[in-house]
Participant: 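Let me begin by handing over the structure; questions about it come next.
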Amino acid sequence: AGFTGREVFGLFLLDMDHFKLVNDTYGHEAGDLVLRQFAAILTETVRKDDVVVRLGGEEFLVVLKKTEPDFVHTFAKRLLEKVEQHRFDLGDGVQIRKTCSIGYTVFPFYAEHPDYVSFEQGVMVADMAMYHAKHSGRNQAVFLCEAEKMPADEDVLRKTVANLDFAIKQSYMRIGKIQYSDADSV
């Protein structure tokens, strides 16, 4: 299907927004139902070879295997919209709406140097992006990508994948895209 040569893995970290409120308002069983439905949305949205993993709490990792670099943006937007449009069923006729925050990147991170950033470091980059999404408004997806420069050595690389302000200030990384859901909140 029209690949331009470069295939990447899409790394997505998702965190349900204000999840603690579900547990506090409706109880832990309701929270569990919401998480199961959240996981089902993710599983239904990926292809059969892709991976969905619950990392703990309300945080999930989605790995899109071998995809076109541009598709990661389409996928992030699709996830935001599916979650926002879903009516989470808590039983007894109670339904609530939820949103999520997504951080994502591609692996390999540096197109010209595919082995420079490890898979684990790629997940750390997605995690920084998710943290940024949560702390700059929620219900959005933030994409981090390579910038003008590459970290000179292992120590600088370790700092780059752990500290977004540093990574951006040093031009090792940039926020490539911020997606918002177009879902109509009816």
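We use all heavy atoms of the structure for the numbers below, so side chains are in, but hydrogens, waters and symmetry mates are not. Counting begins at 1 with the first residue of the sequence.
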Participant: Are there more than 12 heavy atoms of other residues, nucleotides or ligands under 6.0 Å from atom CD of Glu112?
Facilitator: no
Participant: Below 6.0 angstrom between ring centroids: does that apply to Phe12 and Phe75?
Facilitator: yes
Participant: Using the rule given for side-chain contact (heavy atoms from CB on, under 4.5 Å), can you reason through Gln37 versus Leu33, listing the C-alpha separation, both sets of side-chain angles and the distance that settles it, and then say yes or no?
Facilitator: CA-CA 6 Å; Gln37 290 167 64; Leu33 285 170; 3.9 Å; yes
Participant: What's the shortest heavy-atom distance between Ser101 and Ala133, and which atoms?
Facilitator: CB-CB, 4.1 Å
Participant: To the nearest 0.5 angstrom, please state how far the CD atom of Glu58 sits from the CG atom of Asp17.
Facilitator: 9.5 Å
Participant: Could you go through Leu144 and Met128, starting from their C-alpha distance and side-chain angles, then the distance that decides it, and tell me whether this counts as side-chain contact (heavy atoms from CB on, under 4.5 Å)?
Facilitator: CA-CA 9 Å; Leu144 289 178; Met128 285 194 308; 4.2 Å; yes
Participant: If you define the side chain from C-beta out and look only at heavy atoms, does anything of Val46 sit under 4.5 Å from Leu42?
Facilitator: no
Participant: Are Tyr116 and Phe107 grouped together when hydrophobic residues (ILVMFWY) are joined by side-chain heavy atoms under 4.5 angstrom apart?
Facilitator: no
Participant: When you measure from the side chain of Asp92 to the backbone of Val94, do you find a donor-acceptor pair of N or O atoms at a distance under 3.5 Å?
Facilitator: no
Participant: Taking CZ in Arg138 as the centre, count heavy atoms belonging to other residues, nucleotides or ligands within less than 6.0 Å. Is the count above 12?
Facilitator: yes
Participant: Supply the atom-to-atom distance Leu79 CG to Cys100 SG, rounded to the nearest 0.5 angstrom.
Facilitator: 6.5 Å
Participant: Looking at side-chain heavy atoms only, is the closest gap between Leu11 and Val63 below 4.5 Å?
Facilitator: yes
Participant: With the side chain counted from C-beta on, respond yes when Phe9 and Leu64 share a heavy-atom pair under 4.5 Å apart, and no when they do not.
Facilitator: no
Participant: Salt bridge check, Asp49 against Lys66: does any charged N sit closer than 4.0 Å to a carboxylate O?
Facilitator: no
Participant: Dump the intermediate steps for side-chain contact (heavy atoms from CB on, under 4.5 Å) on Gln179 and Leu80, then the final yes or no.
Facilitator: CA-CA 8 Å; Gln179 301 272 31; Leu80 282 176; 4.1 Å; yes
Participant: Do Met173 and Thr105 have side-chain heavy atoms sitting under 4.5 Å apart?
Facilitator: no
Participant: Report whether Val125 and Tyr172 are members of the same hydrophobic cluster (ILVMFWY, side-chain heavy atoms less than 4.5 Å apart, transitive linking).
Facilitator: yes
Participant: Which atom pair, heavy atoms only, marks the closest approach of Thr45 to Arg78?
Facilitator: CG2-CD, 4.0 Å
Participant: Can you tell me if Tyr180 and Gln140 form a side-chain donor-acceptor pair at under 3.5 Å?
Facilitator: yes
Participant: Hey, could you give me the CG/CZ distance between Asp70 and Arg6, rounded to the nearest 0.5 Å?
Facilitator: 10.0 Å
Participant: Counting distance only, does the side-chain N/O of Arg47 pair as donor-acceptor with the main-chain N or O of Lys65 below 3.5 Å?
Facilitator: yes
Participant: Could you tell me whether the side chain of Val123 reaches within less than 4.5 Å of the side chain of Glu120, counting heavy atoms only?
Facilitator: no
Participant: With under 30° as parallel and over 60° as perpendicular, where do the rings of Phe143 and Tyr104 fit, or are they tilted in between?
Facilitator: tilted
Participant: Any donor-acceptor pair under 3.5 Å linking the side chain of Glu59 with the backbone of Leu14?
Facilitator: no
Participant: Charged N to carboxylate O below 4.0 Å: is that the case for Asp15 and Lys134?
Facilitator: yes
Participant: Can you tell me how far apart NZ (Lys20) and OG1 (Thr25) are? Round to the nearest 0.5 Å.
Facilitator: 9.0 Å
Participant: Is Ile168 linked to Tyr131 within one hydrophobic cluster, defined over Ile, Leu, Val, Met, Phe, Trp and Tyr using a side-chain heavy-atom separation of less than 4.5 Å?
Facilitator: no
Participant: For Val34 and Lys98, work out which heavy atoms get closest and say how close.
Facilitator: CG1-CG, 4.5 Å
Participant: Between CZ of Phe109 and CG of Asp115, what distance do you get to the nearest 0.5 Å?
Facilitator: 15.0 Å
Participant: Is the centre of the Phe88 ring less than 6.0 Å from the centre of the His86 ring?
Facilitator: yes
Participant: Leu35 and Gly57: which non-hydrogen atoms are nearest, and at how many Å?
Facilitator: CD1-O, 3.7 Å
Participant: Does the Arg87 side chain pair with the main chain of Arg97, one donor and one acceptor, at a distance under 3.5 Å?
Facilitator: no
Participant: What distance do Asp182 atom CG and Glu84 atom CD have between them, rounded to the nearest 0.5 Å?
Facilitator: 9.0 Å
Participant: Which side-chain N or O atoms in residues 147-156 pair as donor and acceptor under 3.5 Å with protein atoms at least two apart or in another chain?
Facilitator:
| residue | atom | partner | partner atom | Å |
| --- | --- | --- | --- | --- |
| Glu148 | OE1 | Ser171 | OG | 3.3 |
| Lys149 | NZ | Gln170 | O | 3.1 |
| Asp153 | OD1 | Asp155 | N | 3.0 |
| Asp153 | OD1 | Val156 | N | 2.9 |
| Asp155 | OD1 | Arg158 | NH2 | 2.5 |

Participant: Evaluate side-chain hydrogen bond (donor to acceptor under 3.5 Å, both in side chains) for Ser181 paired with Glu81, printing each intermediate quantity in order.
Facilitator: CA-CA 5 Å; Ser181 168; Glu81 290 173 359; 4.6 Å; no
Participant: Return the minimal non-hydrogen interatomic distance between Ala39 and Phe60, and the atom names on each side.
Facilitator: CB-CE2, 3.8 Å
Participant: Does the pair Lys169 and Asp165 meet the rule for a salt bridge (charged side-chain N to carboxylate O under 4.0 Å, His left out), with working shown?
Facilitator: CA-CA 6 Å; Lys169 226 175 249 138; Asp165 290 337; 5.6 Å; no
Participant: Taking Leu13 as the starting point, is it possible to reach Val51 by hopping between hydrophobic residues whose side chains are less than 4.5 Å apart?
Facilitator: yes
Participant: Under 4.5 Å between side-chain heavy atoms, counting indirect links through other Ile/Leu/Val/Met/Phe/Trp/Tyr residues: same cluster for Ile102 and Val62 or not?
Facilitator: yes
